[in-house]
Amino acid sequence: MKIITILGARPQFIKAAIVSKKLRQNHQEIIVHTGQHYDYQMSALFFEEMQLPSPKYNLSVGSGTHGQQTGKMLEEIEQVLINECPQAVIVYGDTNSTMAGALAASKLNIPIFHIEAGLRSYNMRMPEEQNRRITDHVSKLLFCPTVTAVANLQLEGISEGVYNVGDVMYDAVLHFLKLAKNKYITGLPIQQIISKSSAYYLATIHRAENTDNIEKLREILKAFSELDKIVIMPVHPRIRGFIENLRNESDMNKNIIFIQPVGYLEMLLLIENCSKVMTDSGGLQKEAYFLKTPCITLRNETEWTETLAGGYNVLCPIEKETIVNTVLNVKVDEQAHNIAYFGNGQAVDKICNIINGFES
Ligand code: UD1
Ligand code: UDP
């Protein structure tokens, strides 16, 4: 088949990097990059480091309001699909690039394969929840990472073309962690700043619900400033401006080392070696779980409910004292850790086998 893969944001480059290699053994894949993420550290770095083939098209849509960004993508993707006439379109996850790709293909009656289907937070205020619901409802093959995702789809009356294949992010961690250990055999760049033996927490924040309101971000950073260990925080460009403003406030910034976003290999080692992760990222919650690092999720709900078992992931509202107490008091029950929730590291093989047998 001639398959068009639509990508746009950091987590999609990681997922595609692990799927693409196998997919190309049997199919012609063309990558379209919407340009949603465009900084070197948010995009090109991932293509280079993980040897993801270069996009044939870069639509350079860039940032904007949801309507502007999605509208531009829709128009540009439609033109590519009309020119290329693919037999299928692959989309990943729940970003605006995902939904624009799915809608453009759907209107042209091109079958859509959705990787990481069926996730739900049941919070329709999240742009991601809107994107994933729409995408799932127009997809032909729905590759779910967990049993919960399959059940979520069933509740919405979607059962045809649904497969529980396991999580491609687990495949990615298994594959890229080995590469990371080879690449950083003498230590991570950050170890030139902190001592090799320093214990540290790792934090990332980028969700609209935590970043659209500077008070919430201030509360989070104040909490980090009061913790008992250094906090290493790769800064998502969405909050770069806020951090510049907040970092000079007197009760802020003690303890926190702000760094540029890092590549995936470095990130995996940072997660594996830290004491705890504090995040609102979907991907990071799971990577922490895969690597048995306790995670404090700075949100009121999670799509990845499996990670909550045994206290490996704890939801935490945005309130300074609560964050500090939660981080300091997390305890895990090792017996409850069950990686099988996310498959056996062969999600990519399963996905490609199903695609190989697909007849429209
Ligand atoms: C997007 C996804 C989110 C995903 C995240 C992964 C949507 C609605 N959100 O959120 O689901 O978890 O990607 O990281 O699709 N910016 C830059 N340089 C870049 C990219 C972004 O400066 O390379 C800045 C711009 O000011 C932009 C802001 O970050 O307005 C937000 O970027 P955007 O892609 O709209 O949303 P994310 O927060 O990255
Ligand atoms: N990530 C990374 N470098 C960073 C921050 C995150 O490689 O500086 C990885 C992270 O480990 C995860 C992925 O990027 O696998 C997606 O994370 P993000 O938080 O951007 O998106 P989400 O998963 O919430 O959609």
Side-chain angles (χ1 to χ4, degrees), residues 6-18 33-46 49-50 60-70 72-73 91-101 116 119 121 125-132 134-135 145 167-173 176-177 180 190 202-212 232-243 258-272 274 277-291 293 295 297-299 302-304:
I6 313 241
L7 306 176
R10 174 166 67 186
Q12 295 162 342
F13 309 140
I14 298 166
K15 289 164 199 161
I18 191 80
H33 187 330
T34 63
Q36 178 171 351
H37 286 174
Y38 44 86
D39 288 353
Y40 175 78
Q41 283 99 342
M42 296 296 289
S43 176
L45 171 60
F46 290 83
E49 192 179 51
M50 294 188 286
S60 301
V61 165
S63 309
T65 63
H66 287 278
Q68 274 170 351
Q69 193 183 47
T70 314
K72 279 189 205 160
M73 287 178 191
V91 292
Y92 290 88
D94 53 19
T95 70
N96 287 349
S97 298
T98 314
M99 188 189 69
E116 208 175 73
L119 273 293
S121 66
R125 291 188 59 78
M126 283 179 78
E128 292 83 1
E129 183 78 354
Q130 300 167 20
N131 291 340
R132 52 173 92 103
I134 290 167
T135 303
D167 194 335
V168 292
M169 291 296 279
Y170 182 41
D171 295 27
V173 167
F176 289 113
L177 188 61
I190 189 75
L202 178 70
T204 74
I205 300 294
H206 78 278
R207 290 266 159 226
E209 67 209 59
N210 285 336
T211 60
D212 285 355
I232 296 179
M233 185 163 175
V235 175
H236 189 291
R238 184 182 192 107
I239 59 166
R240 213 162 25 208
F242 282 155
I243 298 288
F258 298 105
I259 58 173
Q260 294 274 345
V262 296
Y264 190 53
L265 302 186
E266 198 175 339
M267 193 63 182
L268 286 179
L269 293 178
L270 283 173
I271 299 167
E272 192 182 41
C274 72
V277 164
M278 299 160 313
T279 192
D280 57 11
S281 156
L284 217 58
Q285 289 176 59
K286 284 185 298 164
E287 286 152 356
Y289 189 80
F290 301 154
L291 298 172
T293 302
C295 178
T297 294
L298 300 168
R299 289 178 54 195
T302 179
E303 296 78 13
W304 305 102

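Both counts, for ligands and for their atoms, begin at 1 and track the order of listing. Keep in mind that this is a model prediction, so the values were computed, not measured.
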Salt-bridge contact [X]-[Y] (side-chain N to carboxylate O under 4.0 Å):
X	Y	result
E209	R299	yes
K15	D167	no
R132	E116	no
R10	D39	no

Any nitrogen or oxygen of [X], main chain or side chain, under 3.5 Å from a nitrogen or oxygen of ligand 2?
X	value
S281	yes
G282	yes
R10	yes
R207	yes
V262	yes
G283	yes

Subset of ligand 2 atoms that lie under 4.0 Å from at least one heavy atom of [X]:
X	answer
M169	15 (O)
Y264	7 (O), 11 (O), 15 (O)
G263	7 (O)
I14	9 (C), 13 (C), 14 (O), 15 (O)
L284	10 (C), 11 (O)
P234	8 (O)
P261	8 (O)

(request) Compare S63, G8, G62 and give the one whose heavy atom is closest to atom 27 (C) of ligand 1. (result) S63
(message) For atom 37 (P) of ligand 1, tell me which residue out of Q12, R240, R238 has the closest non-hydrogen atom.
(response) R238
Can you tell me which residue and heavy atom of the protein come closest to [atom], and the distance to 0.1 Å?
atom	value
atom 1 (N) of ligand 2	M267 CG, 3.8 Å
atom 25 (O) of ligand 2	P11 CG, 3.6 Å
atom 21 (C) of ligand 1	P237 CG, 3.9 Å
atom 17 (C) of ligand 1	Y38 OH, 3.2 Å
atom 5 (C) of ligand 1	H206 NE2, 3.6 Å

Residue pair [X] / [Y], side-chain donor-acceptor N/O under 3.5 Å:
X	Y	answer
N210	D280	yes
T135	T98	no
E128	T95	no

(request) Could you tell me whether the side chain of I259 reaches within less than 4.5 Å of the side chain of M233, counting heavy atoms only? (result) no
(message) Is there a side-chain contact between M267 and L202 in this structure, where contact means two heavy atoms from C-beta onward sitting under 4.5 Å apart?
(response) yes
For [X], take its heavy atoms, then give the atoms of ligand 1 lying under 4.0 Å from any of them.
X	result
N96	7 (C), 8 (C), 15 (O)
E128	3 (C), 9 (N), 11 (O)
H66	8 (C)
D39	17 (C), 18 (N), 19 (C), 22 (O), 23 (O)
H37	1 (C), 6 (C), 13 (O), 14 (O), 20 (C), 23 (O), 34 (O), 37 (P), 39 (O)
Q69	35 (O)

Quick check against the 3.5 Å criterion: does [X] have a side-chain atom that pairs as donor or acceptor with the backbone of [Y]?
X	Y	value
T204	T279	no
S97	T34	no
E303	L119	no
E129	S121	yes
Q69	G62	yes
Q12	G8	yes

(request) For ligand 1, note which part of P11 has a heavy atom under 4.0 Å away: side chain, backbone, both or neither. (result) side chain
(request) Report the relative orientation of the aromatic rings in F46 and F13; use parallel for angles under 30°, tilted for 30 to 60°, perpendicular for over 60°. (result) tilted
(request) Can you label the angle between the Y264 ring and the F176 ring as parallel, tilted or perpendicular, going by 30° and 60°? (result) perpendicular
Under a 4.0 Å heavy-atom limit, does [X] contact ligand 2 with its side chain, its backbone, both, or neither?
X	result
H236	neither
E287	side chain
L268	neither

(request) Look only at interatomic distance and state if Q36 has a nitrogen or oxygen under 3.5 Å from any nitrogen or oxygen of ligand 1. (result) yes
(request) Apply the side chain to side chain contact (heavy atoms under 4.5 Å, CB included) test between Y38 and each candidate in S63, S60, S43; give the one that qualifies. (result) S63
